[in-house]
Number of protein chains: 2
Amino acid sequence: MKKEKRSHCPINFSLESFGDKWSLLIIRDIIFKNKSYYGEFLDSEEKISTNILANRLSLLERENIIRKRKDPANSSKYIYSLTEKGIALLPILLELIHWGAKYDPDTDAPDAFIEQLEADREGLIWEIVASLEK
Amino acid sequence: MKKEKRSHCPINFSLESFGDKWSLLIIRDIIFKNKSYYGEFLDSEEKISTNILANRLSLLERENIIRKRKDPANSSKYIYSLTEKGIALLPILLELIHWGAKYDPDTDAPDAFIEQLEADREGLIWEIVASLEK
DNA sequence: CTGTTCCACTTGCAAAATGCAAGTGGAACA
DNA sequence: TGTTCCACTTGCATTTTGCAAGTGGAACAG
């Protein structure tokens, strides 16, 4: 099914499944920026290049973290979305946000979001998951 | 101080600070395997190569995530340890463990650890932080 | 003081991954 | 039937990685 992992340390397993910068930025775009088309991912602020994007989408699909489907509204386009396994990455992304917001003096993270994250992490997770499933 | 980041998205900031596989495995070794010497990191299960190890240690030191000091017990050796900023990565590692343990059928993660993580995350965090600070 | 050992790197080089720009192929629309 | 649009693919120069061997300095042994 997937490439052999170097070890079954759970951290290593996670890192080898999705743990490179571009994969996580794609997942960020799906969760927090509501992106779903190839062209939308290409437009990211960090300027991913097209061959890397194609490569990461296919790796993530092979890992069952994202899923690719025809757009019912426009049969010549594809929609990329998270699987349940991909949605389960949300807590990791939230911790990345938390750390980044704390240590980057110029962070773009909105204060209100960080406050909610600190005050009611579980509630925030449910809220975001619900928005992904609808 | 550090290399310019591509964006101030907090996720991207985190990923560019420590977000590559080897950096995170070094941090794992410090936190969960009590390693502190260069030679100990070289011995990791995942077989990091020596030039990459040296490169990552100096990057992490530049990012103020780890600190390098002479070993008081043996002045010809160096001890690497986490700073407060490095210790703050613990929740991220715990979420990586959680996800990896959940989706790897052959995971090495001990059941008891995962149960404690699910039952009392905050308590577990405090326990590990305390063990790092002593 | 001199030679050996140990440790923490450094260097050189081949192989793999990345980034950039341009090209392709197939569906839909004109 | 020709044009447009979109999701990739390809080619190639540059960068990063991995592997193996080498170096330099501190400490210890004789």
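Fair warning: this is a prediction, and the values are worked out from it, not measured in the lab. For the numbers below, each heavy atom of this structure counts, side chains included, while hydrogens, waters and symmetry mates do not.
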What nucleotide among D:dG18, C:dC9, D:dA7 has an atom nearest to a side-chain atom of A:Tyr78? D:dA7
Given D:dC6, C:dA8, D:dC8, which nucleotide is nearest the side-chain atoms of A:Tyr38? D:dC8
Between B:Lys68 and B:Tyr78, is NZ or CZ placed under 6.0 angstrom from the six-membered ring centre and within 45° of the ring axis?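 Satisfied, under 6.0 Å and within 45°.
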Tell me, please, which residues at least two apart from B:Tyr80 pass side-chain hydrogen bond (donor to acceptor under 3.5 Å, both in side chains).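 Expected list: none.
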To the nearest Å, give me how far apart [atom1] ([X]) and [atom2] ([N]) are.
X       : N      : atom1 : atom2 : result
A:Leu59 : D:dC8  : CG    : P     : 13 Å
A:Glu40 : D:dA7  : CD    : C1'   : 13 Å
B:Asn55 : D:dT15 : CG    : C1'   : 12 Å
B:Asp20 : D:dT17 : CG    : P     : 7 Å
B:Ile52 : C:dC9  : CD1   : P     : 15 Å
A:Leu42 : D:dC5  : CG    : P     : 16 Å
B:Leu60 : C:dC9  : CG    : P     : 13 Å
A:Glu61 : D:dA7  : CD    : P     : 14 Å

Pairing partner of [N] (Watson-Crick or G-U wobble, both distances under 3.5 Å):
N      : answer
C:dA30 : D:dT1
C:dT5  : D:dA26
C:dC20 : D:dG11

Please answer whether the main-chain N or O of A:Trp99 pairs with a side-chain N or O of B:Ser14 as donor and acceptor at a distance below 3.5 Å. no
Considering residues at least two apart in sequence or located in another chain, which fulfil the side-chain contact (heavy atoms from CB on, under 4.5 Å) criterion with B:Leu59? B:Asn55, B:Arg56, B:Arg62
What residues, two or more places apart in sequence or in another chain, satisfy side-chain contact (heavy atoms from CB on, under 4.5 Å) together with B:Asn74?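 Here the qualifying residues are B:Asp71, B:Ser76, B:Lys77.
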Please work out if A:Phe41 contacts a base, only the sugar-phosphate, or nothing of the nucleic acid, heavy-atom cut-off 4.0 Å.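 No contact at all - A:Phe41 keeps every heavy atom at 4.0 Å or more from the nucleic acid.
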Using a heavy-atom cut-off of under 4.0 Å over every strand shown, decide if A:Lys68 touches base, sugar-phosphate, or nothing.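 The answer is sugar-phosphate, as A:Lys68 gets under 4.0 Å only of primed atoms, P, OP1 or OP2.
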Is [X] near enough to [N] that one of its side-chain N or O atoms lies under 4.0 angstrom from OP1 or OP2?
X       : N      : value
B:Trp22 : D:dT17 : no
B:Arg56 : D:dT17 : yes
B:Tyr80 : C:dC9  : yes

Does this structure show an ion pair linking B:Lys5 with B:Glu63, if we count only N-O contacts that are shorter than 4.0 Å? yes
Sequence neighbours left out, cut at 3.5 Å: what donor-acceptor pairs do the side chains of residues 112-121 of chain A make with other protein atoms?
from, atom 1, to, atom 2, distance (Å)
A:Gln116, NE2, A:Glu127, OE1, 3.2
A:Glu118, OE2, A:His98, NE2, 2.8
A:Asp120, OD1, A:Gly123, N, 3.0
A:Arg121, NH1, A:Glu95, OE2, 2.6
A:Arg121, NH2, B:Glu95, OE2, 3.2

Given protein heavy atoms under 4.0 Å, the one-letter contact record of nucleotides 20-30 of chain C, with B base, S sugar-phosphate only and - none, is simply BBB-----S--
Pairs touching residues 40-52 of chain A that satisfy salt bridge (charged side-chain N to carboxylate O under 4.0 Å, His left out), sequence neighbours left out: A:Arg28-A:Glu46
